[in-house]
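Letters go in sequence order (proteins before strands), and every chain restarts at 1.
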2 protein chains.
Amino acid sequence: MTIKDVAKKAQVSIATVSLVINNNKRISEETKQKVNSAIRDLNYYPSRSARGLVSRKTGNIGFILTENHFLRSEPFYTQIFLGAEFEAHNKEFYVLLTTVPAASKSNNKLPRFVLEKNVDGIIIAGTVSHKLISALSGYTLPIVYVDYYPEGKESSAVLIDNYGGGKTATEHLISLKHKNIAFLGGNISHPSIKHRFEGFKSALEAHKLPFGTNSSVVDEVDTSRDNGYKAAKKLLKNNPGVTAIFACNDAVAIGAMQYLASEGYSVPNDISIIGFDDVEPARLTTPALTTIAVPKQELGSEAVKLMNRLLEDKKVRSHTITVGVELVVRNSTARKK
Amino acid sequence: MTIKDVAKKAQVSIATVSLVINNNKRISEETKQKVNSAIRDLNYYPSRSARGLVSRKTGNIGFILTENHFLRSEPFYTQIFLGAEFEAHNKEFYVLLTTVPAASKSNNKLPRFVLEKNVDGIIIAGTVSHKLISALSGYTLPIVYVDYYPEGKESSAVLIDNYGGGKTATEHLISLKHKNIAFLGGNISHPSIKHRFEGFKSALEAHKLPFGTNSSVVDEVDTSRDNGYKAAKKLLKNNPGVTAIFACNDAVAIGAMQYLASEGYSVPNDISIIGFDDVEPARLTTPALTTIAVPKQELGSEAVKLMNRLLEDKKVRSHTITVGVELVVRNSTARKK
DNA sequence: GTATTTTAGTTAAACGATTAACTAAATTCT
DNA sequence: AGAATTTAGTTAATCGTTTAACTAAAATAC
């Protein structure tokens with residue numbers, strides 16, 4: 001079943017069929033009907049490959065994720081990806097996923113879907129290497145960043161309100177009368193973590209609470225459970241009087257809770273702890289983790305919506321969307337005794 | 001950069017370039033070198049669309065998931081999908097994901113990637129409607145089923161050893177000296193659940209343990225946490241003396257544990273419970289859930305490997321792969337007091 | 001009533017590869 | 001040595017669309 005069969009059946013040229021498919025206004029209502037019924041009768045659908053070849057539109061969006069994010073057990077980026085998938089379905093796109101080595105490993109090998117011209121645009125989730133970004137700029141593909149964006153260049157991005165969330169988290173602890181509040185970070189070089197940290201500091205400042213060097217641990221290699229465990233150990237050693245902890249994400253919070261439990265501290269009676277992200281496991285710890293919920297799927301769907309606008313309307317300027325976060329109070333935080 | 005540019009630079013015909021790309025043996029080592037260096041110099045990659053049009057190979061695999069599976073919080077099918085993605089990356093395929101309404105809702109609208117001839121084969125994960133399957137059979141696409149396969153037709157599938165797992169789970173409880181052991185199922189009509197149930201029964205039988213009608217609850221609508229909660233309630237009402245429960249999956253087990261906790265039962269002191277699947281949350285319940293681990297990512301990767309063989313070698317007969325499962329002992333099961 | 005514009009469609013080129021059929025040169029066979 | 005075969009490449013058709021350029025008929029303008 002090709003366009004030719006439809007043309008023959010409807011007794012028009014293939015060009016007319018094509019114009020009908022792309023509903024060009026140049027076609028009369030009458031022939032449109034005729035063609036459409038032929039299409040229906042023959043159960044015809046235009047072939048992607050043929051369309052793509054001449055129109056240079058593939059109907060695909062490339063999704064780039066770093067390997068370490070892909071493999072993490074907390075499905076943070078996975079949720080973003082699924083949100084993107086879902087929205088792509090609505091917008092009649094398909095999403096091609098690829099992973100690239102972590103930002104640290106310098107690498108500028110481009111994803112195959114770029115080389116093969118098999119995507120109309122690219123969504124990049126998380127921190128990727130600068131080399132990759134500059135290699136990508138050789139192509140004229142629109143790019144939407146998620147939860148990260150490269151400094152300097154003007155680009156389109158969907159970001160989390162990390163600063164606001166950091167502030168909200170900290171204010172929650174302050175409202176529970178805590179005075180000695182600590183921040184547990186992984187690698188502070190990641191912009192998201194940095195902004196959460198800044199929100200933390202600004203909240204302390206706003207309430208005239210002290211902030212010393214032993215109120216934070218920000219020198220772990222990344223934000224994993226293991227490092228949360230280690231960070232909590234360091235923190236308690238340097239600052240035994242701490243009564244509340246704001247962990248930069250749930251993984252770190254969970255790791256920290258494991259350390260606290262192993263040392264006989266009771267959460268939230270001895271120490272309150274709040275996380276960030278609201279990943280599935282946060283709901284299942286004992287006690288359940290109070291956290292700042294990030295609408296992960298929304299991040300993905302917003303990215304696709306933004307990409308869609310970029311593709312539909314060439315004159316849309318690149319811009320940034322910030323999605324809000326929400327305090328979810330569970331059982332790991334309590335009023336200071 | 002098209003094949004023409006390469007041909008010009010290497011001073012050969014475009015056919016020769018094409019033959020080199022597809023490493024046809026008809027080309028001498030010498031011209032091969034010449035062409036390859038032109039390719040490298042020009043940073044040329046063949047366009048997917050153009051290739052696809054003439055060769056009728058898209059390089060894409062379609063992945064069909066039912067909506068309810070896609071949306072479930074326990075990322076069971078998500079893990080299968082990710083495993084498929086990963087393997088697809090190795091095999092140089094892209095995966096196009098789509099969801100279809102649940103099997104119950106009769107629906108025979110085919111995924112767009114099928115209509116547009118945008119995939120070389122299809123992986124179907126979970127139970128889909130028969131209408132869909134028969135609509136699909138109008139196309140000559142190879143199909144690989146995962147965790148399900150249609151009765152009757154000879155088809156390729158990657159399945160879980162549900163029967164063996166059910167037996168192993170039950171034997172674990174038996175080895176802990178339990179006598180009154182119950183099975184908590186959702187909808188028994190799902191083949192996977194049915195096989196787990198059969199494994200359960202066969203283990204009881206092999207150890208000459210009784211099996212009565214109040215040793216199982218298999219009338220909930222599906223295998224969710226909520227229904228696990230409800231099923232446990234029913235079970236305890238009908239069979240108050242039960243000391244061990246084999247839940248047909250982790251979601252049901254977690255729901256059941258919630259009910260048991262709410263009623264003041266202690267797990268595993270009063271009642272032992274074992275699940276099936278080993279999803280993330282199972283690790284985080286209190287107590288951590290003993291379960292039968294299903295290698296979810298492996299299911300996905302095996303599906304892609306099988307698809308790859310089907311596509312490479314037309315004469316490969318359809319066949320079935322069963323992946324093994326493994327008992328993971330955590331803290332929700334204990335020797336009978 | 002003729003000239004101009006609009007409408008509704010057609011023709012044909014193009015997109016960038018693959019591949020069957022062909023060919024000339026080199027090699028092997030007898 | 002001449003015929004037959006193999007090797008290494010080329011030519012040209014083809015895949016199924018889109019779209020620029022064209023055209024004939026109808027509508028509008030003057």
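Rounded to an integer number of Å, the gap from A:K57 NZ to C:dC15 C1' is 14 Å. If you measure from atom CG of B:L53 to atom P of D:dA13, you get 17 Å, rounded to the nearest angstrom. Separating the CZ atom of B:R51 from the P atom of D:dG16 is a distance of 18 Å, rounded to the nearest angstrom. Atom CG of B:N23 and atom C1' of C:dT19 are 16 Å apart (whole Å). D:dT17 atom P lies 11 Å from atom CD of B:E116, rounded to whole Å. Rounded to an integer number of Å, the gap from CG of B:N24 to C1' of C:dA17 is 15 Å. Atom CZ of B:R48 is separated from atom C1' of D:dT17 by 19 Å (rounded to the nearest Å). Rounded to an integer number of Å, the gap from A:N22 CG to D:dA20 C1' is 15 Å.
At the heavy-atom level, B:S18 lies under 4.0 Å from base atoms of the strands shown.
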| task | Take B:E312 and B:R309, measure what salt bridge (Lys or Arg N to Asp or Glu O under 4.0 Å) needs, and give me the verdict at the end. | result | CA-CA 5 Å; B:E312 271 184 349; B:R309 260 176 288 155; over 6 Å; no

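Among all heavy-atom pairs drawn from B:P142 and B:M307, the shortest one is O-CE, 3.5 Å.
Between A:L132 atom CG and A:K109 atom NZ the span is 12.0 Å, to the nearest 0.5 Å. Taking OH of A:Y77 as the start and CG of A:D147 as the end, the distance is 3.5 Å to the nearest 0.5 Å. Rounding to the nearest 0.5 angstrom, the gap separating the NZ atom in B:K32 from the OG1 atom in B:T16 is 12.5 Å. From A:L96, atom CG reaches atom CD1 of A:I123 across 11.0 Å, with rounding to the nearest 0.5 Å.
A:Y45 has no side-chain polar atom (N or O) that falls below the 4.0 Å cut-off from OP1 or OP2 of D:dT17.
Here A:E30 does not pair with A:K34 in a salt bridge; the nearest charged N to carboxylate O distance is not below 4.0 Å.
If you check D:dT17, C:dT18, D:dC15 against the side chain of B:R56, the one that comes closest is D:dC15.
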Hey, what are the protein-to-nucleotides 7-10 of chain C N/O distances that come in under 3.5 Å?
residue: C:dG9; atom: OP1; partner: A:S28; partner atom: OG; Å: 3.2
residue: C:dG9; atom: OP1; partner: A:T31; partner atom: OG1; Å: 2.9
residue: C:dG9; atom: OP2; partner: A:S28; partner atom: N; Å: 2.6
residue: C:dG9; atom: OP2; partner: A:S28; partner atom: OG; Å: 3.1
residue: C:dG9; atom: OP2; partner: A:T31; partner atom: OG1; Å: 2.8
residue: C:dG9; atom: N7; partner: A:R26; partner atom: NE; Å: 3.3
residue: C:dT10; atom: OP1; partner: A:S13; partner atom: N; Å: 3.4
residue: C:dT10; atom: OP2; partner: A:S13; partner atom: N; Å: 3.1
residue: C:dT10; atom: OP2; partner: A:S13; partner atom: OG; Å: 2.7
residue: C:dT10; atom: OP2; partner: A:T16; partner atom: OG1; Å: 2.1
residue: C:dT10; atom: O4; partner: A:R26; partner atom: NH2; Å: 3.4

